[in-house]
Amino acid sequence: MNLSPVRVRFAPSPTGRMHLGSARTALYDYLLARRSAGQFILRIEDTDRKRFVEGAEQELRDGLRWLGIQYDEGPDLGGPYGPYRQSERQESYQQWAAELLRRDQAFPCFCSADRLEKVRQEQLKNKQSLRYDGTCRQLDPAEAQRRIAAGEKHVIRFKMPYEGETRAVDTMRGEIVWQNKDLDDSVLMKSDGLPTYHLAAMADDYEMKITHVIRGSEWLSSFPLHVNIIRALGWPEPIWMHLSVFLKPSGKGKMSKREAAEAIKDGHSIFVTDLKDLGYTPEGVLNWIVLMGWGVAEDDVMSLDQMVQRFDPTNLNPSPAAINFAKLDHFNGTHIRLMDAADLAGRIKPFLVGAGFSVDDAKLLKIVPLIRERLVTLDDSIPFAGFFFKDELTPDPQDLIAKDLTPAQSAGVAQTALEILTDLPDVSHAQAEPPLRRFVEQSGLQPNQVFGILRVAVTGQKVSPPLFESMEIIGREVVLARIRRAVELLTTF
RNA sequence: GCCCCCAUCGUCUAGUGGACUAGGACGCAGCCCUUUCAAGGCUACGACCGGGGUUCGAAUCCCCGUGGGGGCACCA
């Protein structure tokens, strides 16, 4: 691929939450920019005042920051081509619209919403394609001028050629050809004086010197409009890539609101900040989404930097991809296992604190190696490490009874173990294991019967990190107290 | 109804005319390891949508079907 520096932009509209599709587009933008030592720009497309959502831009920025996708220019950072919010660039759009009018590549349209709707119904009835019928395109320019001067409400539409064809290249798909007769005279400037995406995005891309446009495939249908606007104004054309959409897990249809809610019920989510709260790591999420639409032959576990090294946009896959949360779990667990203890401890701590535990850092650092390979999400640290920070445990007495043993027999086992441990200077792994193993052998019991009782006694749960390592961290006094308590529970069962 | 895009294991994908007995990953199943749960190791199962061409040779190129997806707003 060509490695001369690119300028790419991630241009979301602040109309909702940041989802996986956006994150992946931003990631590809970032990878391409870094790979070529170019710039990655964040631009906010807020020309729709009706759909504006307060806080959406903040969530976008938080999401990007959390993922580690850093932009070089943006609304909060500034940059040489600002402002980076479309609402702050209105004069520019008005000028370009005027220029299009001057070049006879656009026309004012006075059609009312009512009339347009009637036309649409008619077309629907006649099974025709749904598009503007060209009424105002025929208007005498002087007449149109008079009506504008008189203050009549109007929009500006692009004058799409009636004949011939439009050709444009998408790097993932090659050349695409449209018959101009199938194309529409789309609105460029709304009657409120604000531009539509079509004009605003093209003008910004031109003024911000964007070289590569990476966007969702939902833009494929307005692709010919966009290249025609660019060509009408004589601007240089960027290189285009239209990314496939994400399909719901079943593979049938794209992610919907309903499906998003379904995922949340399942302990997953398609929203970036939710994933963070659920205990997913940026590494895991990034590794997961980078591979949806792009493939590597082998070694698919990658850090962001490794992705930068390997990313090749000519290898992107244009077909839609079904979301697979099991794979997110896999990548998240894998990256957790790759972290060093201090790093992981720092990430786990907020989850433990959030669950109400007061966390001792030194202790947590010792716990981390024990639980690291058991975590799928950071959130899993709560069941695996919580008991280390509890003052008192109340195990279910039922759980203290070993398989094939009576409560009384189980109590006897616990009592013997308690005596063995009491005689020891400490309950370190090295000190505690040999005598307890000897006890298992002499008693003729199964290891899991003895250790099972102790596990529940010491950790309060049937599933836990390794027993001896856990006891060592918990410490002699607490371990003995907990086993004593278990004996009590079993004898009064 | 119209326009456009897409098509390899259940899923994400590698594959750019001969190196394909179609590779990897997830999941699933089995085994090993093991005091629980994991992790790890090994093994198994599993795909070129269909039909026509082009070619000595096609998963790969072309056409047609079929299936899937996106769009057809004064939303992005």
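Lettering follows sequence order; numbering is per chain, from 1.
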- Message: Looking at A:F10, I'd like to know if the NZ or CZ of A:R43 sits under 6.0 Å from its six-membered ring centre while staying within 45 degrees of the ring's axis.
- Response: no
- side chain to side chain contact (heavy atoms under 4.5 Å, CB included) filter on A:L130, not counting sequence neighbours, yields A:R120, A:Q123, A:L124
- Using the ring pair (Phe, Tyr, Trp, His ring centres under 6.0 Å) rule, collect all pairs that involve residues 158-192 of chain A, keeping only residues at least two apart or in two chains. A:W178-A:F223
- Query: Which letters describe nucleotides 61-76 of chain B, given B = protein heavy atom under 4.0 Å from base, S = only from sugar-phosphate, - = neither?
  - Reply: --------SSSS-BBB
- Message: Could you work out, with salt bridge (Lys or Arg N to Asp or Glu O under 4.0 Å) as the rule, every residue matching A:K390, not counting sequence neighbours?
- Response: none
- Item | A:W294 ring center within less than 6.0 Å of A:Y28 ring center | no
- Item | Charged tip of A:R17 within 45° of A:F271 ring normal and under 6.0 Å | yes
- Using a heavy-atom cut-off of under 4.0 Å over every strand shown, decide if A:G293 touches base, sugar-phosphate, or nothing. sugar-phosphate
- Message: So if I define the base as every atom that isn't primed, P, OP1 or OP2, how would nucleotides 27-44 of chain B read as a B/S/- string at a heavy-atom cutoff under 4.0 Å?
- Response: --------BBBBSS----
Between the protein and nucleotides 15-18 of chain B, are there any N/O to N/O pairs under 3.5 Å, and if so, what are the atom names and distances?
none

- Side-chain donor-acceptor pair present, A:N317, A:S319, cut-off under 3.5 Å: yes
- Query: Between B:rC6, B:rC4, B:rG24, which nucleotide gets closest to the side-chain atoms of A:E298?
  - Reply: B:rG24
- Examine the side chains of A:R24 and A:S244 and answer whether a donor and an acceptor come within less than 3.5 Å of each other. yes
- salt bridge (charged side-chain N to carboxylate O under 4.0 Å, His left out) partner of A:R9, chosen from A:D29, A:D205, A:D204: A:D205
- Query: Do any side-chain nitrogens or oxygens of A:N317 fall under 4.0 Å of OP1 or OP2 in B:rA14?
  - Reply: yes
